[in-house]
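Structure first, then comments.
Predicted, not measured: the structure shown is a model, and the values here were computed from it. So that the names make sense, note that chain A is the first sequence line, chain B the second, and so on, each numbered from 1.
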There are 4 protein chains.
Amino acid sequence: MIHVNKRSGMESKKKILVAATKVFSDYGYKGASMRMIAGAAGISIGGLYLYFKNKEDLYGTLIRNRLDDLTEETRETLRDIQDPAEAMSTFISMRVKYARKHRELILVLGKEQAITFGLKAKRKFFEDQRRVIEEIVRKGITSGRFRSCDESEVAKIIICALRGFILSMIVEPDALFSHEECSNLILKGILAKK
Amino acid sequence: MIHVNKRSGMESKKKILVAATKVFSDYGYKGASMRMIAGAAGISIGGLYLYFKNKEDLYGTLIRNRLDDLTEETRETLRDIQDPAEAMSTFISMRVKYARKHRELILVLGKEQAITFGLKAKRKFFEDQRRVIEEIVRKGITSGRFRSCDESEVAKIIICALRGFILSMIVEPDALFSHEECSNLILKGILAKK
Amino acid sequence: MIHVNKRSGMESKKKILVAATKVFSDYGYKGASMRMIAGAAGISIGGLYLYFKNKEDLYGTLIRNRLDDLTEETRETLRDIQDPAEAMSTFISMRVKYARKHRELILVLGKEQAITFGLKAKRKFFEDQRRVIEEIVRKGITSGRFRSCDESEVAKIIICALRGFILSMIVEPDALFSHEECSNLILKGILAKK
Amino acid sequence: MIHVNKRSGMESKKKILVAATKVFSDYGYKGASMRMIAGAAGISIGGLYLYFKNKEDLYGTLIRNRLDDLTEETRETLRDIQDPAEAMSTFISMRVKYARKHRELILVLGKEQAITFGLKAKRKFFEDQRRVIEEIVRKGITSGRFRSCDESEVAKIIICALRGFILSMIVEPDALFSHEECSNLILKGILAKK
DNA sequence: TATGAATGAGGGTTCATTCAT
DNA sequence: CATGAATGAACCCTCATTCAT
């Protein structure tokens with residue numbers, strides 16, 4: 001009269017991750033309980049600990065997976081684009097669409113202690129993403145397509161705008177910009193031509 | 001041997017709010033415990049409940065205070081500025097400086113349920129801030145200083161960038177842009193002049 | 001800007017006792033808080049401790065007062081009655097009416113610890129009341145008005161019936177008997193005459 | 001080093017109920033703490049919440065169990081008795097013995113708010129018990145065994161006497177009548193035969 | 001692999017009591 | 001006499017984690 005479900009380890013692990021993504025997203029790290037996650041995954045509480053060392057590990061795995069996924073998508077998207085302006089637009093568009101599609105996971109949970117692992121993974125990802133934009137800007141300046149400017153600062157601004165977009169999905173869904181308008185503004189600015 | 005400190009009511013309340021701001025900011029709403037806050041405020045646990053009905057009330061008061069403060073500062077800052085471009089720069093500058101100065105409070109706590117009051121107050125504030133930028137842009141377009149564009153979209157983008165700035169203070173302090181560069185980018189864009 | 005109300009000590013003490021009677025009756029000993037009582041009495045919390053050592057003392061005083069009151073009323077009521085049957089009816093009637101009139105105080109709070117003082121006072125009162133009935137029955141038997149019986153047992157039964165009446169006022173207000181019917185039953189029994 | 005005992009669910013639940021009965025009875029609803037109950041049951045605090053939603057649920061379950069038990073015992077006891085006088089004596093005897101045997105549970109907790117469920121169940125039980133006595137009396141009158149009287153009033157008096165008996169077990173253990181004497185008094189009254 | 005009863009620290013909150021004013 | 005801010009133990013309850021099965 002013991003275990004009922006028999007599945008492969010991978011199957012269970014995936015199931016848990018999917019469920020956990022939803023639950024963490026709905027309730028936050030501290031608000032989500034292992035019981036909730038187990039319930040959503042259709043597994044026992046003990047079962048969770050077969051695949052993940054603890055709550056933090058589960059959360060960290062989740063974050064890393066999503067981050068790797070997005071890193072890969074970024075690489076794919078930009079692979080064959082030469083024009084820096086187009087690359088910029090495409091990057092912004094991709095990130096906005098990705099955020100809208102995976103709205104169930106918000107990559108942000110403040111400094112809540114004990115999630116250091118997740119934070120570390122995030123930090124690396126963030127830096128990588130910034131490098132990507134910096135590179136685009138640098139190529140734009142070199143090729144004369146972009147005006148001379150501090151590529152690092154521009155990258156920071158764009159990252160912040162995208163980060164703000166994600167955050168707005170939670171706190172102010174009415175304030176979500178369209179990626180076309182965003183690209184347009186970044187490229188042309190708002191001042192009238194003389 | 002009961003109570004040691006005797007303070008005026010106002011003094012205690014202020015002390016609590018300052019401490020709570022720090023603790024909520026460090027640990028998030030759920031991660032912050034009333035014991036932590038009491039400790040940080042140098043007051044007993046029971047003392048907290050002398051000034052605030054409960055945790056949510058304390059948090060809500062905090063949020064409202066900060067929001068009102070920032071609303072007032074926004075009004076003051078923009079009062080006498082006529083040039084839309086200058087207004088834009090000044091707004092961005094003020095918000096960035098404010099965020100840096102009050103880095104201890106992050107106006108964001110996700111969907112954590114039961115903080116509806118705080119959320120509602122935040123929503124109103126967010127909308128107000130957006131209206132302010134929209135108005136600046138509108139005046140810029142009317143006066144011919146800005147090119148024709150969708151003022152609502154521009155406002156959203158700027159809000160998101162600032163929102164992202166605040167969030168970055170927590171998750172990626174290296175990615176904080178300078179307000180001059182930001183204003184510059186918004187105004188002039190990144191494309192080279194033909 | 002200190003104290004507002006200035007009254008004689010007796011006045012305040014009385015006020016507190018009246019308020020406490022109501023509050024204890026409504027919420028039980030543990031359910032009643034000193035704050036509630038202070039509020040109901042229109043006095044400060046600290047003021048309570050000017051007149052009573054602590055919660056238990058306040059409760060005990062309350063109980064003792066009511067008990068003394070009822071003891072006196074019992075004596076008064078039975079003073080001039082000679083006929084044992086009439087004495088019995090009158091006693092029952094008086095007790096029922098007293099209970100109905102002072103329904104705000106139920107002289108019963110289980111074994112709730114720390115109310116030992118109250119309990120002790122109650123014990124003495126209970127025994128006294130039983131002695132009164134025993135005496136009536138004894139006189140009835142001696143005079144030939146009552147049949148031979150164990151006066152102690154009869155007293156216990158009557159006390160229990162009255163005690164049950166008070167309790168019923170709380171838990172089953174529909175089950176309150178009329179004192180006439182009760183006296184009648186006690187005196188004549190329920191069996192048909194042969 | 002986590003949990004020590006491993007028991008079947010039923011075993012634990014029973015253990016808790018037994019312990020809770022004792023503790024509630026000793027200290028009252030508000031006076032009894034979940035910690036006390038857990039200790040008395042030899043289980044952890046958290047364990048309590050595995051079997052009962054909360055304190056009120058635990059209390060309610062307790063009350064319902066005891067009430068159902070006594071209802072069943074009443075039915076069994078009176079099933080085959082035809083003579084109303086005998087039925088009356090037997091009923092009283094059974095109730096007194098039951099009270100003595102299960103002295104650990106006092107079915108009474110005043111108006112303490114938030115125990116509405118328990119109260120409702122109690123109300124129904126009380127009414128049922130009264131109906132049982134009324135029926136006995138009615139049959140007695142019809143058969144000519146009892147004198148004409150108000151069966152409802154008689155039932156109330158008997159219920160109150162028994163209720164008072166239970167209460168006396170707590171507040172005045174010396175005042176417990178014998179069921180024989182009680183039956184005798186109810187049946188024959190106290191007046192001498194002319 | 002899988003289960004879920006069991007644990008106990010820790011969460012938010014209340015409240016009898018004290019004491020500087 | 002009177003006040004009420006302050007205290008801190010104790011309350012009910014939750015939840016990450018473990019382990020016998």
Side-chain angles (χ1 to χ4, degrees), chain A residues 1-9 12 30-38 43-51 53-56 58 114, chain B residues 1-9 11-13 30-38 43-56 58, chain C residues 1-9 12 30-38 43-51 53-56 58 114, chain D residues 1-9 11-13 30-38 43-56 58:
Chain A
M1 62 189 67
I2 298 299
H3 61 225
V4 184
N5 299 321
K6 191 105 183 182
R7 341 175 233 283
S8 79
S12 287
K30 298 220 66 149
S33 77
M34 295 301 265
R35 185 181 303 275
M36 283 172 178
I37 295 170
I43 207 176
S44 69
I45 294 181
L48 256 34
Y49 289 84
L50 253 28
Y51 298 98
K53 196 154 55 62
N54 51 32
K55 191 182 182 181
E56 187 181 338
L58 171 50
Chain B
M1 59 196 68
I2 292 269
H3 87 150
V4 184
N5 301 321
K6 195 87 184 188
R7 283 190 285 272
S8 83
E11 201 181 336
S12 287
K13 188 158 187 171
K30 299 212 70 150
S33 80
M34 294 301 267
R35 278 167 181 74
M36 283 175 184
I37 295 170
I43 208 179
S44 67
I45 297 176
L48 256 33
Y49 291 85
L50 251 28
Y51 299 98
F52 301 94
K53 198 155 52 62
N54 51 33
K55 190 182 184 182
E56 188 180 340
L58 172 49
Chain C
M1 65 189 63
I2 298 298
H3 63 224
V4 184
N5 298 321
K6 191 104 184 181
R7 335 178 237 282
S8 80
S12 287
K30 298 220 67 150
S33 77
M34 294 301 265
R35 184 180 304 273
M36 283 173 179
I37 294 170
I43 206 176
S44 68
I45 294 180
L48 256 34
Y49 289 85
L50 253 28
Y51 300 97
K53 195 154 54 63
N54 51 31
K55 191 181 183 183
E56 186 181 339
L58 171 50
Chain D
M1 60 195 69
I2 295 271
H3 86 152
V4 184
N5 299 321
K6 195 88 184 188
R7 284 191 286 273
S8 83
E11 201 180 336
S12 288
K13 189 158 186 170
K30 299 213 71 153
S33 79
M34 294 302 265
R35 191 179 303 275
M36 283 174 183
I37 295 171
I43 207 177
S44 66
I45 295 176
L48 256 33
Y49 292 87
L50 252 29
Y51 300 98
F52 302 94
K53 197 156 52 62
N54 51 33
K55 190 181 182 181
E56 189 180 339
L58 171 50

A/M34 side, atom CE; A/I37 side, atom CD1 - distance, nearest 0.5 Å: 5.5 Å

Which distance, rounded to the nearest 0.5 Å, do you find between the CD1 of B/I43 and the OH of B/Y51? 6.0 Å

If you restrict it to nitrogen or oxygen atoms, what contacts under 3.5 Å exist between nucleotides 12-14 of chain E and the protein, and what is each distance?
{"from": "E/dG12", "atom 1": "OP1", "to": "B/A32", "atom 2": "O", "distance (Å)": "3.1"}
{"from": "E/dG12", "atom 1": "OP1", "to": "B/K55", "atom 2": "NZ", "distance (Å)": "2.7"}
{"from": "E/dG12", "atom 1": "OP2", "to": "B/M34", "atom 2": "N", "distance (Å)": "2.7"}
{"from": "E/dG12", "atom 1": "N7", "to": "B/R35", "atom 2": "NH1", "distance (Å)": "2.9"}
{"from": "E/dG12", "atom 1": "O6", "to": "B/R35", "atom 2": "NH2", "distance (Å)": "3.0"}
{"from": "E/dT13", "atom 1": "OP2", "to": "B/Y49", "atom 2": "OH", "distance (Å)": "2.8"}
{"from": "E/dT13", "atom 1": "OP2", "to": "B/K55", "atom 2": "N", "distance (Å)": "2.8"}
{"from": "E/dT13", "atom 1": "O5'", "to": "B/Y49", "atom 2": "OH", "distance (Å)": "3.3"}

Tell me every residue that passes side-chain contact (heavy atoms from CB on, under 4.5 Å) with D/I45, counting only those two or more places apart in sequence or in another chain. D/R35, D/A38, D/Y49

In dot-bracket form, 5' to 3', how is DNA chain F paired? Count Watson-Crick and G-U wobble pairs only if both distances fall under 3.5 Å, and write | where the partner sits on another strand. .||||||||||||||||||||

Minimal non-hydrogen separation, C/M36 against C/A32, with atom names: SD-CA, 4.0 Å

It should be established whether C/S12 places a side-chain nitrogen or oxygen under 4.0 Å from OP1 or OP2 of nucleotide F/dA2. yes

Rounding to an integer number of Å, can you tell me how far C/I43 CD1 sits from F/dG4 C1'? 13 Å

How many whole angstroms separate atom CG of D/L50 from atom P of E/dT7? 9 Å

Please tell me which of A/S44 and D/G47 maps to the more 5' nucleotide of DNA chain E, matching each residue to the nucleotide holding its nearest heavy atom. A/S44

Quickly work out the A/L58 CG to F/dC15 P distance and round it to whole Å. 16 Å

Whole-Å distance separating the CG atom of A/L48 from the P atom of F/dA16: 10 Å

For D/K13 and E/dG4, give me the distance from atom NZ to atom C1', rounded to whole Å. 16 Å

